There are 2 protein chains.
Amino acid sequence: MNGLKSLTERQAAVYNFIVEKIQNRGYGPTVREIAEEFGIRSPNGVMCHLKALEKKGAIRRSPHKSRAIELVHDSVQRERGLVLAGRVAAGVLHEAVEQNERIDLGDMFHGPNLFALEVSGDSMIEAQIADGDYVVVREQPTARIGEMVVAETEDGDATLKYWYPEKNRIRLQPANSSMAPIYVQDARIRGVIVGVVRKIG
Amino acid sequence: MNGLKSLTERQAAVYNFIVEKIQNRGYGPTVREIAEEFGIRSPNGVMCHLKALEKKGAIRRSPHKSRAIELVHDSVQRERGLVLAGRVAAGVLHEAVEQNERIDLGDMFHGPNLFALEVSGDSMIEAQIADGDYVVVREQPTARIGEMVVAETEDGDATLKYWYPEKNRIRLQPANSSMAPIYVQDARIRGVIVGVVRKIG
DNA sequence: GGACCTAGTGTACAAATGACTATAGTTATG
DNA sequence: CATAACTATAGTCATTTGTACACTAGGTCC
């Protein structure tokens, strides 16, 4: 998930703590600060992690200096942004393959379970979402009635619609009065739409 | 040049050295590192500067911790984000006072002459811009025919419309078929719209 | 089973580092 | 001229902090 190679869960946690400190406070933690944060009762417990992080190339250290932890990937800098997961059809169904592009929407939209999709088609036009817009999606398996979702139908296609579960079927309602709703027996919710971004010109 | 108040030449030099270290290396200098850099032969020489810098509000320090220098103006790094300059009316004219809020849209929208406005009203609804959306504006005094602009009319109000200069007047065209265009003799362009951002839920 | 990685506890030590006192030269400012 | 502010030297002290050593324990891999 990060560009870092195979950090263990614990190592990643330590790494994130270091990054957080540097970001929030301007200077990194000491060995003992890390120990306290993670309930480790020996400086050496932390030393192991730091050595591992350095060996794996996540950080660089200057020996015998205090707080001398340097982040190798100016990670946070580059780790900003949401995964641009592909194009989602609002009209005809397209494929939504996960790609590796990223789109940086800054503080307004960022989080571990957010991603972005480019919208294709005009079926949500009356919800003020046009062809070429990007929707920000919060990944989650459920939605409330009437929420706008990215849904995956039985044949594996993804689409952007309003979510209306009915008795024996699910109505995927476009926001376009010239288009008819789609009815499916089953569909999986990929996430709900929490934002829209459009670039003009 | 900085927002810092009346640092002496020496103090400014020390401050810049600290900033440079933090930027380049990721962690700040120790008292003795600063001393060496400036040829000061006693730690106390530096302590005086640090105390002065702290008193003048340029830095913040945690006592008895190493390298614990925090920059108060988190200068370049955290200047991300666009100024949220206020609300712009798309229906009735509102005031667009410059506020101090910021909105971070990341790499997609950032630059020295970009700012954001919250949209008020539905007059651009057919351009898929709804009440409560944010528009990203590139500040510039001119626009091409038909571009969407933030225009300031003679009475000082700002509005979001399509820009249609005509022979003896200017037509400010809403994107709402139930609304009539506004005609003005003169209007100043504050900028053109380069993006739209909407937060849902 | 043995080699190896991860993840610790606990203790101890030496170096790194901030903070302090005392002293003093310089430059403005009233 | 006196006072204050800024800058600096010299040396000392106490704390912070990185590092090392010895030892334990749970995994994985061959």
Side-chain angles (χ1 to χ4, degrees), chain A residues 1-2 4-22 24-72, chain B residues 1-2 4-22 24-72:
Chain A
M1 121 189 187
N2 292 358
L4 307 175
K5 46 179 134 181
S6 66
L7 294 186
T8 64
E9 202 175 329
R10 197 69 166 156
Q11 286 163 1
V14 171
Y15 180 78
N16 288 335
F17 176 68
I18 295 170
V19 171
E20 185 209 306
K21 280 294 169 192
I22 292 178
N24 293 352
R25 205 171 50 168
Y27 53 90
T30 63
V31 171
R32 284 170 181 79
E33 276 175 5
I34 298 173
E36 192 184 6
E37 170 74 14
F38 290 94
I40 298 174
R41 262 171 293 187
S42 166
N44 193 43
V46 175
M47 286 296 289
C48 288
H49 290 134
L50 293 183
K51 281 175 186 163
L53 285 173
E54 187 163 26
K55 201 170 70 180
K56 291 182 181 178
I59 62 175
R60 206 178 308 125
R61 305 186 67 209
S62 299
H64 297 283
K65 290 175 146 193
S66 68
R67 299 178 197 272
I69 301 174
E70 206 173 333
L71 302 178
V72 171
Chain B
M1 91 193 189
N2 292 358
L4 308 176
K5 47 178 137 182
S6 67
L7 294 186
T8 63
E9 202 175 329
R10 197 71 164 154
Q11 285 163 3
V14 171
Y15 180 78
N16 288 335
F17 176 68
I18 295 169
V19 173
E20 184 208 306
K21 280 295 170 192
I22 292 179
N24 293 353
R25 203 172 52 167
Y27 52 90
T30 64
V31 172
R32 285 170 180 79
E33 275 175 6
I34 299 173
E36 193 184 5
E37 170 73 14
F38 290 94
I40 298 174
R41 262 172 290 187
S42 165
N44 194 40
V46 175
M47 286 297 289
C48 288
H49 290 133
L50 293 183
K51 281 175 187 163
L53 285 173
E54 187 164 25
K55 200 170 69 182
K56 292 183 181 177
I59 63 174
R60 207 178 306 126
R61 306 186 66 209
S62 299
H64 297 284
K65 291 175 145 192
S66 68
R67 298 178 200 273
I69 301 174
E70 204 172 333
L71 301 179
V72 170

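Everything quoted here is computed from the prediction, not taken from an experiment. Just so we're on the same page: letters track the sequence lines, and every chain starts at 1.
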Taking every non-hydrogen atom, the tightest pair across B:Tyr15 and B:Ala58: CE1-O, 3.7 Å
Among residues at least two apart in sequence or on other chains, which ones pass salt bridge (Lys or Arg N to Asp or Glu O under 4.0 Å) with A:Arg60? A:Glu70
Strictly distance-based, threshold 3.5 Å: is any side-chain N or O of B:Glu54 a donor or acceptor partner for the main-chain N or O of B:Arg61? yes
Which residues share a salt bridge (Lys or Arg N to Asp or Glu O under 4.0 Å) with B:Arg25, sequence neighbours left out: B:Glu33
Divergence of helical axes at both termini of the helix from C:dG1-D:dC30 to C:dG30-D:dC1 - five pairs an end, 10° steps: 40°
With nearest nucleotide decided by heavy atoms, which residue, A:Ala52 or A:Gly45, maps closer to the 5′ end of DNA chain C? A:Ala52
Nearest-angstrom distance from the residue atom CD of B:Gln11 to C1' of D:dC6: 8 Å
For nucleotides 12-24 of chain C, read 5' to 3', which letter fits each nucleotide if B means a protein heavy atom sits under 4.0 Å from the base, S means only the sugar-phosphate is that close, and - means neither? B---SBBBBBB--
For B:Ser62, give me all partners under side chain to side chain donor-acceptor pair (under 3.5 Å), at least two apart in sequence or on another chain. A:Tyr27
Considering all heavy atoms of both residues, which atom of B:Ile69 and which atom of B:Ile22 are nearest to each other, and what is their separation? O-CD1, 4.2 Å
Picking from D:dC6, D:dA10, C:dA7, the nucleotide nearest the side-chain atoms of B:Arg41 would be D:dA10
In whole angstrom, give the distance that lies between atom NZ of B:Lys55 and atom P of D:dA4. 13 Å
With sequence neighbours excluded, residues passing salt bridge (Lys or Arg N to Asp or Glu O under 4.0 Å) with A:Lys51: none
Quick check on C:dT6: is either OP1 or OP2 less than 4.0 Å from any side-chain nitrogen or oxygen of A:Lys56? yes
Under-4.0 Å side-chain N/O to phosphate OP1/OP2 contact, B:Thr8 with D:dT7: yes
A:Glu9 CD to C:dG8 P: how many Å, rounded? 11 Å
Side-chain N or O of A:His49 versus OP1/OP2 of C:dA7: is the shortest distance under 4.0 Å? yes
Side chain to side chain contact (heavy atoms under 4.5 Å, CB included) filter on B:Arg10, not counting sequence neighbours, yields B:Thr8, B:Phe38, B:Ile40, B:His49
Going by side chain to side chain donor-acceptor pair (under 3.5 Å), name the residues that satisfy it together with A:Ser66, two or more places apart in sequence or in a different chain. B:Ser66, B:Arg67
